[in-house]
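One structure is given here, and the rest of the page talks about it.
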Amino acid sequence: MNAAETNYLAAVWPHSLTSAMAERRTGVKSSEPRKSPVRFRKKHLLSVADLTRDEATGLLDRAEAFAPLLEQQIKKLDTLRGRTLINLFFENSTRTQSSFELAGKRMGADVVNMSVKSSSVAKGETLIDTAATLNAMRADLLVVRHGSSGAAELLSQKVDCAVINAGDGKHEHPTQALLDAFTIRARLGDIEGLTIAICGDVLHSRVARSNVALLNILGARVRLIGPPTLMPAGADRWGADVFTDMRKGLDGADVVMMLRVQRERMNGGFFPSAREYFWFYGLDEDKLKHAKPGALVMHPGPMNRGVEIDSSVADNPAVSLIETQVRMGVAVRMAVLEALNGGGEP
Ligand code: NCD
């Protein structure tokens, strides 16, 4: 982690989580599936902490309304007709970028994918210059992924349009957490009271940070499992119980969320070898037996098979929700795009 990133995370994390947890305590739980669009208090979606419990539940309800549409032959709405969505990805991504592209198109928006490698950024343009370009293009919605924590927030201060954080460094990935919650809810019903174990490279994971925050907002009991070298200092103050012994951490868990070992963010030896990592922290059938009988397995992808997860678990449709997560992502992102745009009935 570079110094700027460390400062950013120290400033916004876990204070932002604490305020989200306060919201959770005061938030109203919606009982009826939401038929109308959610309206955000904030212009952007930069962090899960931007959401109240009511807003988060409302988005999941709204995604539930959109999900059947994706199974139909004609999948298009015109809620965002005439709007421009720009996908600005500074890091490689297949599923998140295409998920936002599909969601935007299915809501009727014009979607532009900006390929950063071939853009002016590669020629030395700064993030601020990029913001000026985006303003000139009159974008309405900007989806941004960047390798530095805080990049989405910085852009949001410089552009006129709504910004959605699609992953900023090790900070947050709010729509991943929303689609994970939606996937769990679709399978197990209410999230309140479930025990959810998040396991692996917590240190480098924006998915873990966003999930701990959102699952707390929704009333789950969260555990973090990983080797001490990949567990951030102070993780026990995020709203999760911390375990270094995977078997103990899995004991009684309803859901096991595996995290990718993020080698591209590692600049040293965080564990001796992939083989040893798998021995202690790789999810296989044997370790899964320590969770609750019938426990479900998730992974945000892309997976390192044989490092954090064994194919016998990942590809077992009786336990694995990994494909469902990808499918649910589009409906959840449609709900988010609508909420940031002011909305309209489907
Ligand atoms: C995650 C990401 O990029 O943060 N993946 C994703 O969005 N599908 C997790 C990861 O890369 O490990």
Side-chain angles (χ1 to χ4, degrees), residues 1 5 8-9 13 45-48 63 87-104 113 116-117 143-153 164-184 196-215 224-227 230-232 255-266 270-271 274 277-278 281-283 297-309 314 320-333 336-337:
M1 220 182 284
E5 205 168 8
Y8 179 81
L9 286 178
W13 192 270
L45 179 58
L46 303 174
S47 152
V48 165
N87 258 335
L88 182 65
F89 277 62
F90 293 87
E91 274 186 355
N92 289 337
S93 161
T94 29
R95 65 196 82 203
T96 305
Q97 183 170 348
S98 51
S99 181
F100 270 110
E101 183 176 356
L102 275 177
N113 287 315
V116 177
K117 285 210 181 81
V143 176
V144 61
R145 168 168 290 192
H146 197 284
S148 299
S149 307
E153 187 175 329
I164 300 167
N165 180 7
D168 62 326
K170 302 163 198 73
H171 175 223
E172 279 230 33
H173 190 354
T175 60
Q176 179 69 43
L178 283 164
L179 78 87
D180 289 342
F182 186 51
T183 306
I184 297 169
I196 300 180
I198 304 176
C199 178
D201 181 1
V202 179
L203 181 66
H204 300 104
S205 179
R206 52 200 176 205
V207 173
R209 284 171 176 81
S210 288
N211 261 310
V212 173
L214 185 63
L215 291 169
L224 289 168
I225 307 170
L230 291 174
M231 191 59 70
V255 177
V256 186
M257 262 184 202
M258 298 307 297
L259 300 171
R260 185 171 64 86
V261 172
Q262 309 225 342
R263 290 175 200 265
E264 78 280 15
R265 298 191 206 282
M266 295 184 187
F270 286 86
F271 49 87
Y277 185 88
F278 183 77
Y281 297 101
L283 186 68
V297 175
M298 301 173 76
H299 192 301
M303 286 182 273
N304 294 308
R305 289 170 183 269
V307 182
E308 72 260 0
I309 193 162
S320 171
L321 295 178
I322 297 167
E323 253 184 63
T324 318
Q325 287 173 270
V326 179
R327 209 153 22 89
M328 299 301 189
V330 178
V332 164
R333 287 173 175 128
V336 168
L337 294 177

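Numbering of ligands and ligand atoms starts at 1, following listing order.
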Residue, atom name and distance, where the atom is the protein heavy atom closest to [atom]:
{"atom": "atom 3 (O) of ligand 1", "value": "R206 NH2, 2.9 Å"}
{"atom": "atom 12 (O) of ligand 1", "value": "R260 NE, 2.7 Å"}
{"atom": "atom 5 (N) of ligand 1", "value": "G301 O, 2.9 Å"}

Student check: side-chain heavy atoms of Y281 and V307 closer than 4.5 Å: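 No, every pair of side-chain atoms sits at 4.5 Å or beyond.
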Establish, yes or no, whether the cationic atom of R333 lies under 6.0 Å from the six-membered ring centre of F100 and within 45° of the ring axis.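 Positive - R333 is close enough to the ring of F100 and near enough to its axis.
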Near [X], which atoms of ligand 1 are under 4.0 Å from a heavy atom of that residue?
{"X": "V207", "value": "1 (C), 4 (O), 9 (C)"}
{"X": "H173", "value": "2 (C), 4 (O), 6 (C), 7 (O)"}
{"X": "R95", "value": "8 (N)"}
{"X": "Q176", "value": "6 (C), 7 (O), 8 (N)"}
{"X": "T96", "value": "6 (C), 7 (O), 8 (N)"}

For ligand 1, is there an atom lying under 4.0 Å from some heavy atom of P300?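 The answer is yes, since P300 has a heavy atom less than 4.0 Å from ligand 1.
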So for E91, does at least one of its heavy atoms come nearer than 4.0 angstrom to any atom of ligand 1?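 Contact absent.
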On a heavy-atom basis, which atom in [X] and which in [Y] lie closest, and how many Å separate them?
{"X": "N165", "Y": "L46", "answer": "ND2-O, 2.9 Å"}
{"X": "P302", "Y": "R260", "answer": "O-CD, 2.8 Å"}
{"X": "V143", "Y": "A166", "answer": "CG1-CB, 3.6 Å"}

Angle between ring planes, F90 versus H146, binned at 30° and 60°: parallel, tilted or perpendicular?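 Rings of F90 and H146: tilted, as their planes differ by 30° to 60°.
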Between the side chains of E172 and S47, is a donor N or O closer than 3.5 angstrom to an acceptor N or O?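 S47 and E172 do have a side-chain donor-acceptor pair below 3.5 Å.
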